[in-house]
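Order of appearance sets the numbers: ligands from 1, and atoms from 1 within every ligand. Residue numbers run from 1 in the order of the sequence given.
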Amino acid sequence: MEILQTTDLVKTYGEGDTCVHALRGVNFTVDKGEFVAIVGTSGSGKSTLLHMLGGLDNPTSGTVTIDGKELGNMKDEERTIFRRRKIGFVFQSFNLVPVLSVYENIVLPVELDGGKVDASYVEEIIHTLGLDEKVNAYPNQLSGGQQQRVAIARALAAAPAIILADEPTGNLDSKTSQDVLGLLKVIGERFGQTIVMITHNEEIAQMADRIIRIEDGQIA
Ligand SMILES: Nc1ncnc2c1ncn2[C@@H]1O[C@H](COP(=O)(O)OP(=O)(O)OP(=O)(O)O)[C@@H](O)[C@H]1O
Ligand SMILES: [Mg+2]
């Protein structure tokens, strides 16, 4: 079953002489439960693509459909709610809230959305990510790898339709990157979670089920 689909996705920044054709017509689909890596050189359009997939920015033309809903057809507020419920983001910078504990950070999106935290599910995520002993710690008391695992747990907590990760291991050393990615993969399998991850690291990309290569704004 398809969970994500793009059709003729185009993004052009600016206009006239200085315009940049960041995406030049991107078409692909991702099935439910798939773990897909998007790789490409710097400036090839990876982050731009992820921003379009997550509804963080509007494409110049083309469509993004997630879980049967076309993002472009939604009003801003509707899209914000959809994003919070259906899309989990993991970024290179972990973006944890410093004054909240690990546990509070993890359940924050669910609580912001007025939802009820599924305590046993969250506990299982915490356990799978090896964070049991850190639930009461604060982000500044954690290593980079631990912080990224908290960010992954936070992305998972709302049981989103899809997780979008932009260079999730970009700030981690290579051993920690492998560990964090291994956990992400295990999580994906255990919870049937769909993951689309951007990386420029071939070794990391090889851990995905499928690799999509992007060159100069197009799928190679
Ligand atoms: N807000 C923006 N305004 C203008 N140009 C932009 C903007 N964001 C990105 N670009 C341009 O679009 C192109 C694609 O950028 P993008 O950030 O998607 O690349 P990337 O593949 O993520 O690169 P990296 O691996 O360095 O993160 C680049 O030429 C970039 O300069
Ligand atoms: Mg980028």
May I ask whether Gly45 has any heavy atom positioned less than 4.0 angstrom from an atom of ligand 1? yes
Counting only N and O atoms by type, is there a donor-acceptor contact under 3.5 Å from the side chain of Glu189 to the main-chain atoms of Val186? no
Does only the side chain of Thr48 get under 4.0 Å from ligand 1, or the backbone, or both, or neither? Count heavy atoms. both
Does ligand 1 have a heavy atom under 4.0 Å from the side chain of Leu49, from its backbone, from both, or from neither? neither
Give the atom numbers and elements of ligand 1 that come within less than 4.0 Å of a heavy atom of Thr41. 21 (O)
State whether the number of non-hydrogen atoms from other residues, nucleotides or ligands found under 6.0 Å of His200 atom NE2 is greater than 12. no
Which residue holds the protein heavy atom closest to [atom], what is that atom called, and what is the gap in Å?
{"atom": "atom 14 (C) of ligand 1", "result": "Gly43 O, 3.4 Å"}
{"atom": "atom 30 (C) of ligand 1", "result": "Val20 CG1, 4.6 Å"}
{"atom": "atom 25 (O) of ligand 1", "result": "Lys46 NZ, 2.7 Å"}
{"atom": "atom 26 (O) of ligand 1", "result": "Ser42 OG, 2.6 Å"}
{"atom": "atom 9 (C) of ligand 1", "result": "Tyr13 CE1, 3.4 Å"}
{"atom": "atom 27 (O) of ligand 1", "result": "Ser47 OG, 4.0 Å"}

Below 4.0 angstrom, counting only protein heavy atoms, does anything approach atom 20 (P) of ligand 1? yes
Regarding Ser42, does it place an N, O or S atom less than 2.8 Å from the Mg ion (ligand 2)? no
I'd like to know if [X] and [Y] make a salt bridge, using a cut-off of under 4.0 Å between side-chain N and carboxylate O.
{"X": "Arg85", "Y": "Asp113", "value": "yes"}
{"X": "Arg149", "Y": "Asp179", "value": "no"}
{"X": "Arg213", "Y": "Glu202", "value": "yes"}

Heavy-atom side-chain proximity of Ile163 to Gln193 below 4.5 angstrom: yes
Pairwise salt bridge (charged side-chain N to carboxylate O under 4.0 Å, His left out) hits with a residue in residues 26-38, at least two apart: Glu34-Arg210
Partner of Pro139 by side-chain contact (heavy atoms from CB on, under 4.5 Å), out of Leu100, Val150, Leu96, Val99: Leu96
